[in-house]
Amino acid sequence: EAQVTQNPRYLITVTGKKLTVTCSQNMNHEYMSWYRQDPGLGLRQIYYSMNVEVTDKGDVPEGYKVSRKEKRNFPLILESPSPNQTSLYFCASSLIGTGDNEQFFGPGTRLTVL
Amino acid sequence: GENVEQHPSTLSVQEGDSAVIKCTYSDSASNYFPWYKQELGKGPQLIIDIRSNVGEKKDQRIAVTLNKTAKHFSLHITETQPEDSAVYFCAASRDGSYQLTFGKGTKLSVIP
């Protein structure tokens with residue numbers, strides 16, 4: 001089944017404890033992206049990747065890191081999480097390396113930072 | 001950068017009635033306008049999209065209209081059903097852009 005998977009789905013952590021949210025797609029997509037969803041603010045892009053080893057900042061990159069060593073994986077790293085990073089996170093991918101094509105979203109990761 | 005405004009933020013309709021959600025965008029170079037539906041506990045899913053070389057696109061009970069001059073586009077859902085209840089997001093992008101800018105979302109409730 002073609003899909004985007006994220007792990008973990010739920011995570012409660014404490015301020016300053018490094019964490020990684022994994023994202024994987026099995027559709028051989030070039031483009032991958034991370035969004036955060038907050039009430040009243042909609043979906044905001046954190047980072048995106050046009051292809052392997054090519055990444056760039058989105059609209060809200062502060063406090064996050066990403067890497068794209070393989071085409072299928074695009075992990076999101078929070079080196080020192082803070083309470084304002086409590087949010088619902090979505091990974092997405094699309095076939096072509098630009099944003100103007102259908103994006104396929106993962107099921108989401110709900111992160112709480114205490 | 002692009003800014004997308006979406007209205008209303010919440011919308012309640014009776015089953016069988018029509019629902020309309022409107023979005024405006026700021027970048028006149030934007031030419032790709034998708035709509036995503038997010039059901040409870042799931043990620044957003046594309047339901048329809050339109051590019052600027054057309055003014056309207058339909059898919060069964062769903063239609064999207066685009067007015068490039070006014071820089072606004074709308075989602076129309078006819079004969080609404082309870083399963084249409086969800087959060088709907090509009091978005092905008094332009095050719096070759098690596099980013100898709102989303103509106104803040106509309107929570108649609110269809111009352112049986």
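Chain A is the first sequence line, chain B the second, and so forth, proteins listed ahead of strands; every chain is numbered from 1. For clarity, every value in this text was computed on a predicted model and none was experimentally measured.
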Requested in this report: Using non-hydrogen atoms and a 4.5 Å limit, figure out which bit of B:R51 sits close to chain A: side chain, backbone, both or neither.
Outcome: side chain
Requested in this report: Determine the interplanar angle of the B:Y98 and A:Y48 rings, folded into 0 to 90°, and report it as parallel if under 30°, tilted if 30 to 60°, perpendicular if over 60°.
Outcome: parallel
Query raised in the report: Out of curiosity, A:F104 CZ to B:L46 CG, how far, rounded to the nearest 0.5 Å?
Result: 8.0 Å
**Report entry** Exceeds 12 heavy-atom contacts within 6.0 angstrom, atom CD of B:E83
**Finding:** yes
Requested in this report: Answer yes or no: is there a side-chain heavy-atom contact under 4.5 Å between A:Q103 and B:L100?
Outcome: yes
Report summary line: Comparing A:L43, A:D56, A:D59, A:L41 against chain B, the one with the most heavy-atom pairs below 4.5 Å turns out to be A:L43
Query raised in the report: Any idea which of B:P44, B:G1, B:G41, B:S30 has the most non-hydrogen atom pairs under 4.5 angstrom with chain A?
Result: B:P44
Query - B:E79 CD: over 12 foreign heavy atoms closer than 6.0 Å - result: no
Requested in this report: Give a yes or no on whether A:L114 atom CG has more than 12 heavy-atom contacts from other residues, nucleotides or ligands under 6.0 Å away.
Outcome: yes
Query raised in the report: Linking I/L/V/M/F/W/Y whenever any side-chain heavy atoms sit under 4.5 Å apart, do A:Y64 and A:V60 land together?
Result: yes
Query raised in the report: Would the number of heavy atoms belonging to other residues, nucleotides or ligands and lying under 6.0 Å from CD of B:E56 be above 12?
Result: yes
Report summary line: Nearest heavy-atom approach of A:F90 to B:Q38 is CZ-NE2, 3.2 Å
Query raised in the report: NZ of B:K22: more than 12 outside heavy atoms within 6.0 angstrom?
Result: no
Query raised in the report: Mind checking whether A:V66 and A:Y31 sit in one hydrophobic cluster, side chains of I, L, V, M, F, W, Y counted as touching below 4.5 Å?
Result: no
Query raised in the report: By a 4.5 Å heavy-atom criterion (distance strictly below it), what part of B:P34 contacts chain A: side chain, backbone, both, or neither?
Result: neither
Requested in this report: Count the heavy-atom pairs under 4.5 Å between each of A:R110, A:Q6, A:Q37, A:R9 and chain B, then report the option with the highest count.
Outcome: A:Q37
Query raised in the report: Are side-chain heavy atoms of B:F102 and A:R44 found at a separation under 4.5 Å?
Result: no
**Report entry** A:R68 CZ: over 12 foreign heavy atoms closer than 6.0 Å
**Finding:** yes
Requested in this report: Select one option (side chain, backbone, both, neither) describing which atoms of B:F33 are under 4.5 Å from chain A's heavy atoms.
Outcome: neither
